[in-house]
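Only a predicted model underlies this, so the values are computations on that prediction, with no experimental measurement involved. Read the numbers this way: they start at 1 and go in the same order the structure lists the ligands and their atoms. All values below come from the heavy atoms of this structure, side chains included, with hydrogens, waters and symmetry mates left out.
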Amino acid sequence: MLCDSIKTLLLVVVVCSPVLATTCQLKKPTFGCSNLPKLTVDFEQVTIESCGNNHTKTLFSKLLAVSFDGLAERKTYALVMVDPDAPGSGEGEAYLHWLHTGVKGSGLAQGNITSGNTIMSYARPTPPSGTGVHRYIFYLYEESNKDITFQTISKRGKFNLHKYAQKNELCGPIAENMFTTQYNE
Ligand SMILES: *[C@@H]1O[C@H](CO)[C@@H](O)[C@H](O)[C@H]1NC(C)=O
Ligand SMILES: *[C@@H]1O[C@H](CO)[C@@H](O)[C@H](O)[C@H]1NC(C)=O
């Protein structure tokens with residue numbers, strides 16, 4: 001309220017930012033293991049809990065569940081998996097492996113991601129020969145506009161996650177996790 005009424009004053013930035021900083025804000029994804037809380041990601045053959053471990057790519061053929069505790073039960077969330085090391089990715093771009101929106105906070109506590117809509121279905125990692133180690137990063141965003149219709153995406157390559165988050169009124173990322181894998185094996 002106070003912030004609204006004096007919005008035009010430059011001073012407001014200084015006065016209000018410590019307050020705003022505690023609410024969910026959109027930040028650029030760092031495409032690495034940061035200090036964000038960690039998602040638990042269950043694949044049929046492996047569970048990702050700690051961040052940044054390297055595994056054989058064949059373990060990731062089937063994504064089963066993503067869980068995260070302590071979310072607002074009535075809010076909805078978006079989950080995404082990206083590979084910023086895919087050939088052709090420019091600054092801030094990545095190959096889009098998965099995007100699911102409208103997941104209920106109450107479901108995520110139990111790893112139930114059946115609510116909501118799949119914007120891009122899951123594609124297992126297929127890092128090409130000669131392109132080294134690829135990072136596969138999961139992010140959880142909060143949906144700040146319940147009534148939004150999420151933009152459809154026609155191709156996986158060169159996906160700009162930050163721009164998409166901005167356009168679709170997401171905030172976060174509020175949680176993450178990452179594994180790496182590469183072509184050989
Ligand atoms: C990552 O794991 C793969 C598959 O087990 C292995 O071939 C590769 O050498 C590992 N890479 C690193 C950087 O540890
Ligand atoms: C998962 O969530 C969906 C949609 O909210 C619900 O219909 C279903 O019963 C839940 N499944 C389990 C196992 O709780």
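The environment of Lys27 atom NZ is dense: over 12 non-hydrogen atoms of other residues, nucleotides or ligands sit within 6.0 angstrom. More than 12 non-hydrogen atoms from other residues, nucleotides or ligands lie less than 6.0 angstrom from CZ of Arg156.
Note: His97 and Tyr136 have perpendicular aromatic rings, judged against thresholds of 30 and 60 degrees for the angle between ring planes.
Applying the disulfide (SG to SG under 2.5 Å) test to every pair with at least one member in residues 50-133, sequence neighbours left out, gives these pairs: Cys33-Cys51.
In this structure, Glu143 contributes its side chain and Gly102 its backbone to a donor-acceptor pair below 3.5 Å.
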Extract all donor-acceptor atom pairs below 3.5 Å that involve side chains of residues 105-115 and protein atoms in other chains or at least two apart in sequence.
residue, atom, partner, partner atom, Å
Asn112, OD1, Thr114, N, 3.0
Asn112, OD1, Thr114, OG1, 2.6
Ser115, OG, Lys104, N, 3.1

Identify each donor-acceptor pair in which a side-chain atom of residues 38-46 lies under 3.5 Å from a protein atom, sequence neighbours left out, and give them as a table.
residue, atom, partner, partner atom, Å
Lys38, NZ, Ser34, O, 3.0
Lys38, NZ, Leu36, O, 2.5
Lys38, NZ, Glu176, OE2, 2.8
Asp42, OD1, Thr47, OG1, 2.7
Gln45, NE2, Thr58, O, 3.4

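With ligand atoms numbered from 1 in the order given, ligand 1 contributes 7 (O) to contacts under 4.0 Å with heavy atoms of Asn184. Close approach to Val133 involves these atoms of ligand 1, each under 4.0 Å from a residue heavy atom: 13 (C).
At a heavy-atom distance under 4.0 Å, only side-chain atoms of Gln182, from C-beta outward, approach ligand 1.
Among protein residues, Lys104, Asn112, Thr114, Ser115 come within 4.0 Å of ligand 2, judged on heavy atoms.
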